[in-house]
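Presented below is the structure to which this report refers.
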Amino acid sequence: MGMLDLRFVRERPDVVARALALKHVEADLPRLLALDAKRREVLAAVEERKAERNRASERVSVLRREIASLEKALAEATGTAAFAARERIQACEDEIAGLISTTRSLGSTIDEQESLLREIDAELASLLLTLPNVPHASVPEGADENDNVVVRSWGTPPSFDFQPKAHWDLGPALDILDFERASKIAGSRFVVNKGAGALLERALINFMLDLHTRRHGYREIFPPFMVNSATMTGTGQLPKFKDDMFHVENTDYWLIPTAEVPVTNLYRDEILAPGSLPVYHCAYSACFRAESGAAGKDTRGMIRVHQFNKVELVKFVPPETSYDELESLVHDAEEVLQLLNLPYRVVLLCTGDMSFASAKTYDLEVWLPGQNRYREISSCSNFEDFQARRANIRFRREPKSKPEFVHTLNGSGLAVGRTAAAIIENYQQADGSVVVPEVLRPYMGGMAYITPGA
RNA sequence: GGAGAGGUACCCAAGCAGGCUGAAGGGGACGGUUUGCUAAACCGUUAGUAGGGGAUAAACCCCUAGCGAGGGUUCGAAUCCCUCCCUCUCCGCCA
């Protein structure tokens with residue numbers, strides 16, 4: 001989420017209209033443009049009156065001082081001098097009376113115009129939020145996910161000489177995933193990881209964080225898992241996606257749906273100093289999602305749950321490099337899958353399937369033998385300055401130069417639960433045990449196999 | 001949770017019996033003088049920002065807002081009133 005530059009909308013309504021069509025978004029662009037014109041008209045009028053009021057107030061102040069000094073002089077003056085002073089004082093007081101009465105009526109006009117302006121601003125702001133980001137020129141046009149483009153594939157889906165099972169069968173059989181008890185203590189769409197299952201989850205988190213911090217140059221952040229409304233608004237979860245999130249009753253706290261929220265908001269309302277870009281952050285967090293619109297979808301297993309773990313990658317970069325940064329971000333996420341030797345493909349989302357805020361998005365999809373299909377495991381996007389404008393994150397190129405909006409990017413690196421599911425399914429053996437990928441063994445006390453009860 | 005103190009520019013800090021104070025004074029930073037170099041000393045500069053308008057190749061100029069945030073009183077608010085937020089100290093409670 002985020003917003004476009006009002007000036008850009010004013011100057012290039014054609015581009016905005018095209019983006020609306022490409023992303024299948026409805027918005028009242030003509031009304032927005034009309035309000036914008038109206039706003040500037042009223043603003044000019046109200047500011048002219050304020051300037052007038054300020055001049056009058058200053059004049060009152062000057063006159064008051066003059067009166068004061070005249071009164072002092074009057075004490076010693078006599079005859080014609082005293083008479084002249086009294087005359088002058090009277091003239092000043094008359095002028096003050098006149099100034100006050102005109103300024104008073106000026107004030108009420110200002111009040112009226114300002115409240116009109118507030119109404120216009122409010123509607124304009126909410127209309128501006130209905131405009132999606134403009135897709136980058138390299139994004140294929142298309143209606144829905146069927147028009148997405150597979151950019152590359154890596155690895156080969158394993159062939160089994162037995163019928164491969166889904167992780168929701170394998171996990172409980174190994175007693176490393178417990179959906180039944182999860183549903184007892186919390187509800188549906190939760191999972192309890194046990195023994196080697198818990199260890200696997202923890203190992204994956206550490207493995208991913210180590211990879212991104214030590215080899216890819218990201219700085220680790222461990223953020224709060226609850227944030228306030230201002231933060232949720234900064235990255236656009238509020239007000240639009242209120243129902244997709246969990247709210248803590250009687251507080252202003254919301255459970256984060258992704259670490260992107262706290263991490264992107266770290267620099268909200270800040271101007272980053274020259275030389276501080278690019279900033280690369282990675283963050284583990286639990287993610288909480290209400291999945292309100294997903295009834296009946298992925299009800300089994302840990303593909304779609306209310307709480308899952310994720311390692312998120314977030315970048316703040318100067319505008320000119322953001323598309324190169326997107327490519328490297330995708331590679332950083334891909335490397336996790338390569339090192340784990342999990343087959344996947346990279347999909348470039350078409351205009352109709354990409355999110356509201358994104359200018360360009362690649363999805364990583366991992367092969368899940370149990371479902372015999374690729375499933376999304378990471379989504380990497382360049383938001384350009386769309387998020388930064390809303391969250392007001394800027395930077396300076398030189399100590400004296402004008403602040404500019406940064407470009408923000410983020411991507412999962414990766415969704416941990418889905419990665420665990422992919423490992424369980426891709427590394428399953430005929431006897432129901434699971435081979436532990438080489439790179440994870442150091443993180444699991446050397447464990448090479450997950451066997452029942454491990 | 002109880003009690004107190006406080007939020008002013010890059011930092012510290014004065015102003016708070018309303019008016020040439022959008023802000024004294026330090027520090028820092030930047031520029032200059034001096035100097036073989038450095039240091040010191042001296043001089044100068046230093047709200048940044050947002051919005052609107054004007055001029056333009058640009059530099060620039062004008063207006064408005066802005067002293068934690070939002071309201072109110074007033075001709076006029078950093079200054080008076082109300083609400084909220086945050087920070088610090090002490091006590092209590094805890095991991």
Side-chain angles (χ1 to χ4, degrees), chain A residues 2-11 32-72 89 91-125 127-128 222 224-234 238 250-254 262 265-276 385 388-406:
Chain A
M3 60 169 129
L4 293 174
D5 183 5
L6 182 56
R7 267 190 215 130
F8 171 76
V9 178
R10 184 187 303 153
E11 281 157 24
L32 189 149
L33 294 169
L35 278 172
D36 172 52
K38 179 77 177 164
R39 188 186 86 94
R40 279 177 296 154
E41 184 193 316
V42 176
L43 191 61
V46 76
E47 286 188 348
E48 172 52 40
R49 288 189 167 83
K50 280 185 177 175
E52 212 176 304
R53 181 178 67 182
N54 288 346
R55 280 193 295 273
S57 283
E58 248 166 73
R59 179 72 184 147
V60 170
S61 160
V62 169
L63 291 169
R64 285 263 160 87
R65 264 193 303 279
E66 189 179 345
I67 291 173
S69 73
L70 283 168
E71 280 173 343
K72 216 178 225 172
I89 288 173
C92 288
E93 276 171 353
D94 290 349
E95 191 180 347
I96 289 173
L99 283 168
I100 287 179
S101 84
T102 54
T103 312
R104 195 174 276 159
S105 69
L106 216 50
S108 64
T109 312
I110 289 170
D111 285 347
E112 282 167 32
Q113 284 175 325
E114 283 200 319
S115 79
L116 175 61
L117 209 53
R118 268 195 297 273
E119 283 170 34
I120 293 172
D121 277 344
E123 191 181 347
L124 203 55
L127 277 175
L128 198 54
F222 194 98
F225 292 180
M226 298 193 287
V227 297
N228 58 32
S229 300
T231 295
M232 283 298 187
T233 309
L238 288 177
N250 298 323
T251 70
D252 188 36
Y253 298 136
W254 300 79
N265 275 281
L266 283 177
Y267 304 110
R268 172 156 51 92
D269 298 321
E270 289 191 25
I271 300 174
L272 303 175
S276 46
D385 63 6
R389 180 170 294 105
R390 176 138 182 195
N392 194 26
I393 305 169
R394 293 172 295 170
F395 76 106
R396 257 188 252 275
R397 292 181 188 273
E398 305 293 335
K400 301 265 175 173
S401 56
K402 227 179 145 46
E404 296 171 56
F405 287 112
V406 302

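A note on names: the letters A, B, ... follow the listed sequences, proteins ahead of strands, and every chain is numbered from 1. Atoms considered below: every heavy atom in the structure, side chains included; atoms not considered: hydrogens, waters and symmetry mates.
Across the strands present, B:rA40 finds no partner; the criterion is a Watson-Crick or G-U wobble pair with both atom distances under 3.5 angstrom. Both distances falling under 3.5 Å, in either a Watson-Crick or a G-U wobble arrangement, occur for no nucleotide opposite B:rU34. With both pairing distances under 3.5 Å, B:rU21 is matched to nothing as a Watson-Crick or G-U wobble pair. B:rU73: no Watson-Crick or G-U partner with both key distances under 3.5 Å is found in any strand. Nucleotide B:rG28: paired with B:rU46 (Watson-Crick or G-U wobble, both distances less than 3.5 Å). Summarising the base pairing, B:rA5 is matched to B:rU87 through a Watson-Crick or G-U wobble pair whose two defining distances lie under 3.5 Å. Remark: B:rA78 base-pairs with no nucleotide; criterion is Watson-Crick or G-U wobble with both hydrogen-bond distances under 3.5 Å. Across the strands present, B:rG51 finds its partner in B:rC63; the criterion is a Watson-Crick or G-U wobble pair with both atom distances under 3.5 angstrom.
A:Ala388 approaches A:Val406 most closely through the heavy-atom pair CB-O, 3.2 Å. Taking both residues in full, the closest heavy atoms of A:Ile393 and A:Tyr267 are given as CG1-O, 3.4 Å, listed atom of the first, atom of the second, then distance. For A:Pro262 against A:Pro224, the heavy-atom pair with the smallest separation is CG-O, 3.9 Å.
Of the possible donor and acceptor atoms, none in the side chain of A:Arg64 sits under 3.5 Å from a partner among the backbone N and O of A:Arg59.
A:Leu128 has its CG atom 12 Å from the P atom of B:rG51, to the nearest Å. Between the CD atom of A:Glu52 and the P atom of B:rG76 there is a distance of 14 Å, given to the nearest Å. Per the geometry, CG belonging to A:Leu6 stands 15 Å off P belonging to B:rA50, to the nearest Å. As rounded to whole Å, 19 Å separates atom P of B:rA69 from atom CG of A:Asp252. The distance between atom CG of A:Asp269 and atom C1' of B:rA50, rounded to the nearest whole Å, is 12 Å. When rounded to the nearest whole Å, the span between CZ of A:Arg65 and P of B:rG76 equals 17 Å. Regarding A:Leu106, its CG atom lies at a distance of 12 Å from the P atom of B:rU64, rounded to whole Å. Taking atom CG of A:Asn54 as the reference point, atom C1' of B:rA77 lies 12 Å away to the nearest angstrom.
Around CD of A:Glu58, the count of heavy atoms belonging to other residues, nucleotides or ligands within 6.0 Å does not exceed 12.
Residue A:Arg7 is in sugar-phosphate contact alone, with no base atom involved, counting any heavy-atom pair closer than 4.0 Å across all strands shown. Among the atoms of the strands shown, only primed sugar atoms or phosphate atoms (P, OP1, OP2) are found under 4.0 Å from some heavy atom of A:Arg53. Among the protein residues, A:Arg64 comes within range of the nucleic acid bases, having at least one heavy atom under 4.0 Å from a base atom. Backbone-only engagement by A:Arg394 is indicated by non-hydrogen atom pairs under 4.0 Å involving sugar-phosphate atoms exclusively. At the heavy-atom level, A:Ala56 lies nowhere under 4.0 Å from the strands shown. As judged by a 4.0 angstrom heavy-atom cut-off over every strand, A:Ser57 is placed among the base-contacting residues. When heavy atoms are screened at a 4.0 angstrom cut-off, A:Leu99 is found touching no nucleic acid atom at all.
Side chains of A:Asp252 and A:Asn228: no donor on one and acceptor on the other come within 3.5 Å.
Nucleotides B:rG68 and B:rG6 place their C1' atoms 11 Å apart, quoted to the nearest Å. Using C1' as the reference atom, B:rG92 and B:rU79 are 37 Å apart when rounded to the nearest Å. For the C1' atom pair drawn from B:rC63 and B:rG4, the interatomic distance equals 45 Å after rounding to whole Å. Here the separation of B:rC84 from B:rA3, taken at their P atoms, is 15 Å to the nearest Å. B:rA40 and B:rG28 are spaced 9 Å apart, taking the P atom of each and rounding to whole Å. Comparing the C1' positions of B:rA14 and B:rG72 gives an interatomic distance of 28 Å, to the nearest angstrom. Comparing the same atom, P, in B:rC85 and in B:rG25 gives a spacing of 37 Å after rounding to whole Å. Distance check on atom C1': B:rU33 versus B:rG26 gives 23 Å, rounded to whole Å.
The side chain of A:Glu47 lies closest to B:rU64 when the candidates are B:rG19, B:rU49, B:rU64. For A:Lys50, the listed nucleotide lying nearest its side chain is B:rU64; candidates were B:rU64, B:rC75, B:rG52. The side chain of A:Arg396 approaches B:rU49 more closely than any other nucleotide in the set B:rU49, B:rA65, B:rC75. Listed candidates were B:rG19, B:rA50, B:rG51. Nearest to the side chain of A:Lys402 is B:rA50.
Salt bridge status for A:Arg396 with A:Glu404: absent, with no side-chain N to carboxylate O gap under 4.0 Å.
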Would you list the atom pairs, donor with acceptor, under 3.5 Å between side chains in residues 96-116 of chain A and any protein atom, with sequence neighbours excluded?
{"from": "A:Ser101", "atom 1": "OG", "to": "A:Gly98", "atom 2": "O", "distance (Å)": "3.3"}
{"from": "A:Thr102", "atom 1": "OG1", "to": "A:Gly98", "atom 2": "O", "distance (Å)": "3.3"}
{"from": "A:Thr102", "atom 1": "OG1", "to": "A:Leu99", "atom 2": "O", "distance (Å)": "3.0"}
{"from": "A:Thr103", "atom 1": "OG1", "to": "A:Leu99", "atom 2": "O", "distance (Å)": "2.5"}
{"from": "A:Ser105", "atom 1": "OG", "to": "A:Thr102", "atom 2": "O", "distance (Å)": "2.9"}
{"from": "A:Ser108", "atom 1": "OG", "to": "A:Ser105", "atom 2": "O", "distance (Å)": "2.9"}
{"from": "A:Thr109", "atom 1": "OG1", "to": "A:Ser105", "atom 2": "O", "distance (Å)": "3.0"}
{"from": "A:Glu114", "atom 1": "OE2", "to": "A:Lys50", "atom 2": "NZ", "distance (Å)": "2.6"}
{"from": "A:Ser115", "atom 1": "OG", "to": "A:Glu112", "atom 2": "O", "distance (Å)": "3.1"}

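Comparing A:Arg40 and A:Val60 by the nucleotide of RNA chain B whose heavy atom lies nearest to each, the residue mapping closer to the 5' end is A:Val60. Nearest-nucleotide assignment on RNA chain B puts the 5′-proximal partner with A:Arg39, out of A:Arg39 and A:Arg118.
Applying the 90° criterion around 0 to the glycosidic angle, B:rA58 comes out anti.
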